[in-house]
Amino acid sequence: MTAVSDFKSPFLRDFVARGHYYDCTDREALDALFLKERVTAYIGFDCTAPSLHVGHAMQIMTLRRLQQAGHRPIVVMGGGTTKVGDPSFRNEARPLLSEETIETNKQAILKSFRNFLTFGDGPSDAIMVDNAQWLDKLEYVPFLREIGRHFSINRMLTMESVKAKIDNDLPFSFLEFNYSIMQAYDFVELYRRYGCRLQSSGSDQWGNIVSGIDLGRRVENIQLFGLTTPLITTSSGAKMGKTAQGAVWLNPDMRSPYDYWQFWRNTEDADVGRFLRIFTDLPEGEIARLEKLKGAELNDAKKILATEATAICHGRAVADEAAETSRRTFEEGAMATGLPSFSLKLPDGILNLAVATGLASSNSEARKLIANNGLRLNDVAVSDPKMQVDASALNPDGVLKLSSGKKKHVLVRPA
RNA sequence: GGGGGAAUGUCCCGAGUGGCAAAGGGGGCGGACUGUAAAUCCGCUGCUUUCAGCUUCGUAGGUUCGAGUCCUACUUCCCCCA
């Protein structure tokens with residue numbers, strides 16, 4: 001068996017070096033394939049939310065690396081599979097989403113890929129397809145006869161994601177049971193349509209990927225491949241991008257580029273090098289230099305990480321602007337105009353302003369924030385929950401700054 | 001189809017004897033210390049017009065001065081038997 005360090009193809013060598021690699025179904029053969037030809041590979045994204053989040057960024061970066069190496073990435077929107085719902089490693093069944101919701105989500109998610117990948121008709125241009133295209137049309141009995149007969153219940157029951165359900169006496173419906181079959185079928189269909197030989201994904205999808213590979217061998221007599229990436233957690237063990245105010249969305253409507261930049265700026269020390277390799281395109285030499293910085297100097301590396309990662313997701317100009325807004329806000333204490341801003345009627349109570357700007361979710365919460373000395377108006381702590389804010393709080397530019405804690409700042413302009 | 005069990009603070013787990021805004025965690029939010037880091041410590045964590053009021057314990061009724069706690073029906077899920 002080829003060791004990871006023996007990879008010859010530029011793509012896999014880079015993939016390993018940058019920390020994307022977790023496992024592969026046939027290292028030697030896949031390496032050879034990458035050396036021999038332009039490989040078409042896909043990753044599927046289900047439409048369970050109106051945006052992808054940072055947790056998906058690893059997968060999108062995988063497609064980006066493929067494209068950079070001259071291969072052809074396929075983005076598969078799971079318009080079909082989302083109707084079934086992936087049960088893997090979840091304690092509860094996903095709520096069944098309506099078709100309208102799935103379609104809305106899909107339309108919103110599509111946009112996220114524009115900056116990460118180049119789409120088009122060229123040989124290594126990315127392709128986007130929706131698996132509803134073929135899954136929706138399947139007929140039950142023909143499908144069972146052609147595809148279903150290749151699936152062994154006995155073996156599916158031994159798959160880790162399924163076994164966990166059985167062992168823990170968790171509910172597991174027939175619908176959910178079929179998700180794996182749908183995904184396996186996708187792989188084969190993508191091979192038929194685009195000559196797609198490789199499926200990549202997070203390590204939790206291993207079982208589903210392997211199912212697709214088996215199916216490919218049986219119905220098309222072709223060797224397909226699987227390549228997985230590690231589940232990314234922060235050094236202190238938290239899942240990537242699961243801050244509790246919500247996921248770190250990639251869609252700018254749901255999380256502003258400035259906040260996205262801030263997310264990366266707040267990376268833990270121990271993660272800086274790892275994240276630079278995975279989430280930016282910086283060359284290894286540069287990253288090696290940055291991650292060696294000590295103590296407070298590491299903050300410079302975090303700023304670069306933030307700007308580079310934001311640039312890939314939202315564009316360079318937007319990223320630079322977010323960096324500048326952050327610099328002025330945190331390093332100069334100025335009222336940078338790039339902060340999230342709100343137009344509100346002005347004489348108003350401080351509680352209303354805190355709620356209207358999203359700094360607090362209710363008046364009670366705003367009161368508590370004040371009681372804890374956490375709410376500040378123009379950098380001065382607010383002590384009176386009954387305080388009225390009027391035009392006198394505005395600076396010469398006609399703006400005032402409201403902050404919750406040391407990191408969350410918003411601007412208010414009179415409406 | 002028959003029998004048994006479970007649903008708790010709208011993030012999760014989870015105590016709860018008829019007097020409960022409801023123990024304890026986790027998570028989150030603020031504060032202190034720092035480097036917009038981690039770790040640690042402290043406070044907060046249902047809503048409101050906040051020295052008080054209002055609404056919460058799967059749903060709908062009922063018993064009671066008073067129900068998360070008792071009764072009835074229903075819903076969903078789990079287990080055992082078929």
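Every chain is numbered from 1, with letters handed out A, B, ... down the list of sequences. Note that the structure is predicted; figures quoted are calculated from it, not measured.
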Donor/acceptor link under 3.5 angstrom from A/Asn372 side chain onto base of B/rG30: no
Does A/Arg114 count as lying over the ring of A/Phe119, i.e. NZ or CZ under 6.0 Å from the six-ring centre, within 45 degrees of the axis? yes
Consider salt bridge (charged side-chain N to carboxylate O under 4.0 Å, His left out). Of A/Arg274, A/Arg277, A/Lys302, which one does A/Glu291 pass it with? A/Arg277
Which nucleotide sits closest to the side chain of A/Arg367: B/rG43, B/rU49, B/rU36? B/rU49
What interatomic distance, in whole Å, is found between P of B/rA22 and the corresponding atom of B/rU75? 34 Å
List in numerical order all residues of residues 305-335 of chain A for which some heavy atom is under 4.0 Å away from an atom belonging to RNA chain B. A/Ser326, A/Phe330
Winner on side-chain proximity to A/Leu298, out of B/rG30, B/rU48, B/rG35, is B/rG35
Can you find a donor-acceptor N/O pair under 3.5 angstrom joining the side chain of A/Ser364 to the base of B/rU50? yes
In whole angstrom, give me the gap between the P atoms of B/rC77 and B/rC70. 24 Å
For A/Thr329, which residues count as a side chain to side chain donor-acceptor pair (under 3.5 Å) partner, sequence neighbours excluded? none
Verify whether the ring centers belonging to A/Tyr42 and A/Phe187 lie closer than 6.0 Å. yes
Looking for any heavy atom pair under 4.0 Å, which part of the strands does A/Asn373 touch: base, sugar-phosphate only, or nothing? sugar-phosphate
Does A/Asn178 have any side chain to side chain donor-acceptor pair (under 3.5 Å) partners at least two apart in sequence or in another chain, and if so, which? none
Of B/rU50, B/rC44, B/rG35, the nucleotide closest to the side chain of A/Lys368 is B/rC44
Has A/Lys386 got a side-chain N or O lying under 4.0 Å from the OP1 or OP2 atom of B/rU49? no
For the base of B/rU45, is there a side-chain donor-acceptor partner from A/Glu365 under 3.5 Å away? no
